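Presented below is the structure to which this report refers.
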Number of protein chains: 2
Amino acid sequence: MTARRAASARATINDVAAVAGVSRGTVSRVLNSEAYVSDAARSAVTDAISKVGYVRNSAARNLATRQSHAVGLVVHEPHSLFLEDPNIGSILLGINSALSDADYQLVSLVIDSERDSHRVAEYLSGGFVDGVIIVSARAHDPIAKVVAELGIAAAFVGHPVDIEGIPYVGIDNFSAAKAITTKLKETGRRRIGMIAAGLDRDSGQDRMAGFRAALGDAFDPDLVITTPLYAHTSGIDGMRLLLDRAPDIDGVFAASDAMAAGVLDVLREVGRSVPGDVGVVGFDDSAWATRAQPPLSTVHQPAGQLGRRAAESVLAQLRGETVDTAGIFLETAIVWRDSA
Amino acid sequence: MTARRAASARATINDVAAVAGVSRGTVSRVLNSEAYVSDAARSAVTDAISKVGYVRNSAARNLATRQSHAVGLVVHEPHSLFLEDPNIGSILLGINSALSDADYQLVSLVIDSERDSHRVAEYLSGGFVDGVIIVSARAHDPIAKVVAELGIAAAFVGHPVDIEGIPYVGIDNFSAAKAITTKLKETGRRRIGMIAAGLDRDSGQDRMAGFRAALGDAFDPDLVITTPLYAHTSGIDGMRLLLDRAPDIDGVFAASDAMAAGVLDVLREVGRSVPGDVGVVGFDDSAWATRAQPPLSTVHQPAGQLGRRAAESVLAQLRGETVDTAGIFLETAIVWRDSA
DNA sequence: CTTCCGTCTGGGAACGCTCCCAGTCGCGAT
DNA sequence: ATCGCGACTGGGAGCGTTCCCAGACGGAAG
């Protein structure tokens with residue numbers, strides 16, 4: 001008698017109202033902790049709620065209020081991202097913490113196929129979320145386009161070149177790359193190469209430009225290897241190529257820590273000491289950097305902050321504030337360890 | 001005139017009906033691709049849809065149908081998980097692909113604080129998702145408890161000891177640990193130690209038990225180091241301790257690849273060769289295994305399948321099928337590389 | 001010509017909330 | 001005694017769908 005299966009017929013606000021002996025309106029007011037509810041009514045309602053085991057039906061609430069109190073995070077290519085980009089975890093945590101403070105629920109949506117892409121677009125436009133954060137979108141990203149057209153609150157982490165009017169948060173890749181290359185040069189290196197990646201995004205382009213700017217006249221295009229992915233294996237292949245082209249190479253800037261780790265592996269294999277024979281620097285200050293032998297000198301990205309700021313921008317839009325769409329650039333820092 | 005801002009007032013099914021000159025019911029039938037709609041009506045509706053820029057409001061749909069076509073994935077402690085457990089990415093992809101096939105949307109929910117925990121519980125009970133998958137829940141997990149009480153469709157990846165009646169997918173940790181330890185022993189090792197972790201879950205306990213079973217009389221409790229986390233640093237600390245206790249140690253089973261990588265680092269540091277002086281085996285067959293020097297012999301986990309099977313179980317429950325709550329154990333395989 | 005059935009359509013009635021208007025009550029000020 | 005106002009409550013209307021029943025239509029079978 002007592003233990004009815006809750007799954008089949010869930011208690012509604014009306015049941016609560018009936019048990020508490022008040023009206024629907026009063027229950028709603030208690031639920032949303034509004035003013036103008038007498039203590040007696042309030043406690044009658046809370047008692048009734050626990051008695052009937054009431055949980056609010058969000059679908060109905062969303063329908064009535066036209067908001068969901070949820071923000072989506074769109075993650076592309078989860079495979080490469082989770083495995084190769086250790087910053088995604090910190091970004092996610094930063095987003096979550098900012099949303100959590102505002103009592104918004106973060107829901108992550110993974111895109112792994114064409115079909116996913118459509119479904120997610122529908123999900124976003126269907127009122128499941130009030131806003132969206134998109135991480136590392138490439139140019140011509142279909143989701144980014146849908147979001148832009150829909151006019152839904154949104155922010156990017158990283159800068160998609162072809163989308164205007166949506167705020168984004170990022171770092172100054174050019175300056176950071178220039179700074180660490182300069183520092184590497186100042187350790188007395190004469191022949192410095194680079195392994196570049198992700199040239200289909202601003203970030204990749206800018207890191208390469210920064211490298212070039214730092215080197216000035218000493219820049220030699222032959223010593224720049226470009227690969228599509230920021231992967232460990234890209235670092236290995238790239239370094240082999242560099243050694244082929246310039247056996248006298250004495251410095252390498254890898255555009256990610258994962259690639260820098262690959263560079264170290266090759267150098268160890270061919271018996272060159274680091275930082276004795278060759279100085280190596282990376283980018284990201286990810287877990288790769290501290291694990292590497294020797295630990296990498298690299299550029300620290302404020303990944304958590306990146307996420308947090310993007311989330312805050314979305315929340316501000318949700319509050320109806322107008323936000324700057326110019327882009328926010330956070331400070332990076334050089335972390336000097338033992339690899340150069 | 002033409003380009004009205006879509007954000008403010010979105011077209012509803014009624015607008016579509018009006019423009020198409022049919023009734024609400026017919027539009028709904030077209031939307032859900034039901035039978036019994038004339039070709040004329042169908043094309044009038046599709047035309048009207050694109051004309052007014054209609055997108056379906058899911059909140060209303062969920063309310064009416066009492067389902068959301070979404071499944072939640074609850075991820076605890078994202079920090080340690082994303083950084084230390086490289087399998088989570090594959091599990092996620094496996095889940096996503098299974099759900100995607102059934103046209104269900106995966107939404108990942110991160111739990112990083114007490115408050116998150118409450119909010120997620122509310123989210124799950126509020127009708128945002130039809131089912132839920134929980135990865136690596138510990139004992140006394142509050143979310144797991146809520147899910148169990150709610151009677152919502154659910155599945156676990158990994159086995160939470162204190163929850164009954166919910167299906168789970170896992171591997172046979174005991175047999176796998178026993179098998180790889182046996183194989184290590186067969187390379188002629190006499191003094192084999194273990195670095196165990198995660199003893200607050202079945203998986204950790206079982207790996208230790210498997211190790212013990214493989215060794216039989218040769219088992220020496222002093223040669224088992226236990227640490228809470230499956231982390232790289234745990235491996236480093238553990239190996240130092242083992243060398244202290246048994247300088248003549250010639251084999252190590254680390255309960256994760258990350259720890260095994262730490263073991264290798266220490267052995268290199270003290271000048272012991274691998275696999276010459278010491279044979280090392282890990283567990284997971286994660287990216288750590290192939291990156292390590294030398295590459296690790298380890299236990300391969302079918303991570304993608306783990307996720308897929310869990311998702312399929314949830315989908316089956318959603319179709320109203322009764323599923324076996326006994327637990328599904330997937331096959332592991334030993335991958336023999338160069339570290340032993 | 002009637003009957004029956006399959007095809008197609010319209011629209012009332014939910015679904016479970018929130019919003020908001022109308023109204024009651026009690027109390028201090030006039 | 002009357003008024004005004006703040007505190008509180010009830011309940012109708014509406015959010016945008018789906019569900020489903022009633023009914024129209026047309027053609028084949030009797």
Side-chain angles (χ1 to χ4, degrees), chain A residues 6-46 48-49 52-70 122-123 125-130, chain B residues 6-46 48-49 52-70 122-123 125-130:
Chain A
S8 46
R10 231 133 83 168
T12 76
I13 204 175
N14 289 309
D15 300 332
V16 174
V19 171
V22 299
S23 79
R24 221 175 53 236
T26 300
V27 176
S28 176
R29 275 183 284 268
V30 171
L31 246 31
N32 299 306
S33 47
E34 288 173 15
Y36 296 153
V37 180
S38 66
D39 288 351
R42 190 177 299 276
S43 63
V45 169
T46 43
I49 285 176
V52 303
Y54 170 78
V55 290
R56 184 196 250 146
N57 180 321
S58 311
R61 179 176 218 225
N62 293 355
L63 181 58
T65 60
R66 260 156 290 180
Q67 44 181 278
S68 65
H69 260 239
E122 228 176 69
Y123 187 90
S125 31
F128 278 102
V129 296
D130 298 337
Chain B
S8 46
R10 233 138 76 172
T12 74
I13 202 175
N14 289 308
D15 300 333
V16 175
V19 171
V22 299
S23 77
R24 221 173 53 237
T26 301
V27 176
S28 176
R29 275 183 284 267
V30 172
L31 247 29
N32 299 305
S33 47
E34 288 172 17
Y36 297 151
V37 180
S38 66
D39 288 350
R42 190 177 301 277
S43 63
V45 168
T46 44
I49 285 177
V52 302
Y54 171 79
V55 289
R56 187 196 247 145
N57 180 321
S58 311
R61 178 175 218 225
N62 293 356
L63 180 59
T65 60
R66 257 155 294 180
Q67 45 181 275
S68 64
H69 260 239
E122 229 176 66
Y123 187 90
S125 30
F128 278 101
V129 296
D130 297 337

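Model, not experiment: these values are computed from the prediction. Quick note on labels: first sequence line is chain A, next is B, and so on, each numbered from 1.
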CG of D15(B) versus P of dC15(D): gap in Å, rounded?
-> 11 Å
Nucleotide nearest E34(A) when distance is taken to its side chain, options dT7(C), dC19(C), dT18(C) = dC19(C)
Between P of dC20(D) and CG of N32(B), the distance in whole Å | 13 Å
Picking from dC17(C), dT18(C), dT9(C), which would you name as closest to the side chain of A41(B)?
-> dT9(C)
Nucleotide nearest A60(A) when distance is taken to its side chain, options dC17(C), dT18(D), dC8(D) = dC17(C)
Between A59(A) and V22(B), the residue closer to the 5' end of DNA chain C by nearest nucleotide is V22(B)
Side-chain atoms of L63(B) come closest, of dC15(C), dC17(C), dG12(C), to dC15(C)
Any side-chain N or O of S23(A) under 4.0 Å from OP1/OP2 of dG10(D)?
-> yes
Rounded to whole Å, the CZ-P distance (R24(A) to dC8(D)) equals 21 Å
Taken to the nearest whole Å, CZ/R42(A) to C1'/dA7(D) is 13 Å
Can you see which heavy atom on R10(B) is nearest to which on V55(B), and at what distance?
-> NE-CG2, 3.7 Å
Look only at the side chain of S68(A) and the backbone of N62(A), and say whether a donor-acceptor pair between them is shorter than 3.5 Å.
-> no
Let me know, please, whether A64(A) or G21(B) comes out on the 5' side of the other along DNA chain C by nearest nucleotide.
-> G21(B)
Value for OG (S23(B)) from CG (N14(B)), rounded to nearest 0.5 Å, stands at 10.0 Å
Shortest side-chain distance from Y54(A), nucleotide among dC17(C), dT17(D), dT9(C) | dC17(C)
Shortest side-chain distance from R61(A), nucleotide among dT18(D), dT9(D), dT18(C) | dT18(C)
Counting any heavy atom closer than 4.0 Å, what does N14(A) reach on the DNA or RNA strands: base, sugar-phosphate only, or nothing?
-> nothing
Taking only side-chain nitrogens and oxygens of S28(A), does any of them come within less than 4.0 Å of OP1 or OP2 of dC17(C)?
-> no
R61(B) versus I13(B): any side-chain heavy-atom pair under 4.5 Å?
-> no
Selected nucleotide, minimal atom distance to R29(A) side chain, candidates dG10(C), dC17(C), dT9(D) = dT9(D)
N62(A) CG to dT17(D) P: how many Å, rounded?
-> 14 Å
Are any of the side-chain heavy atoms of V37(A) and V45(A) separated by less than 4.5 Å?
-> no
Rounded to whole angstrom units, what separation is found between the CD1 atom of I13(B) and the P atom of dG11(C)?
-> 14 Å
Whole angstrom value for the distance that separates P of dC8(D) from CG of D39(A) | 8 Å
Got a donor-acceptor pair under 3.5 Å from the side chain of R56(B) to the base of dT17(D)?
-> no
Determine whether R56(A) and V16(A) make a side-chain contact, defined as any pair of heavy atoms from C-beta on separated by less than 4.5 Å.
-> no
State which of dT18(C), dT17(D), dT9(D) makes the closest approach to the side chain of T65(A).
-> dT18(C)
Donor-acceptor pair (no angle test) under 3.5 Å: R10(A) side chain, dG16(C) base | no
Phosphate-side-chain proximity, T26(A) and dC8(D), N/O vs OP1/OP2 below 4.0 Å | no
To the nearest Å, how far apart are Y36(B) OH and dT7(C) P?
-> 4 Å
Side chain of S38(B) only, please: which of dC17(C), dC8(C), dT18(D) is the nearest?
-> dC8(C)
To the side chain of R66(A), which of dT17(D), dC15(D), dT9(D) is closest?
-> dC15(D)
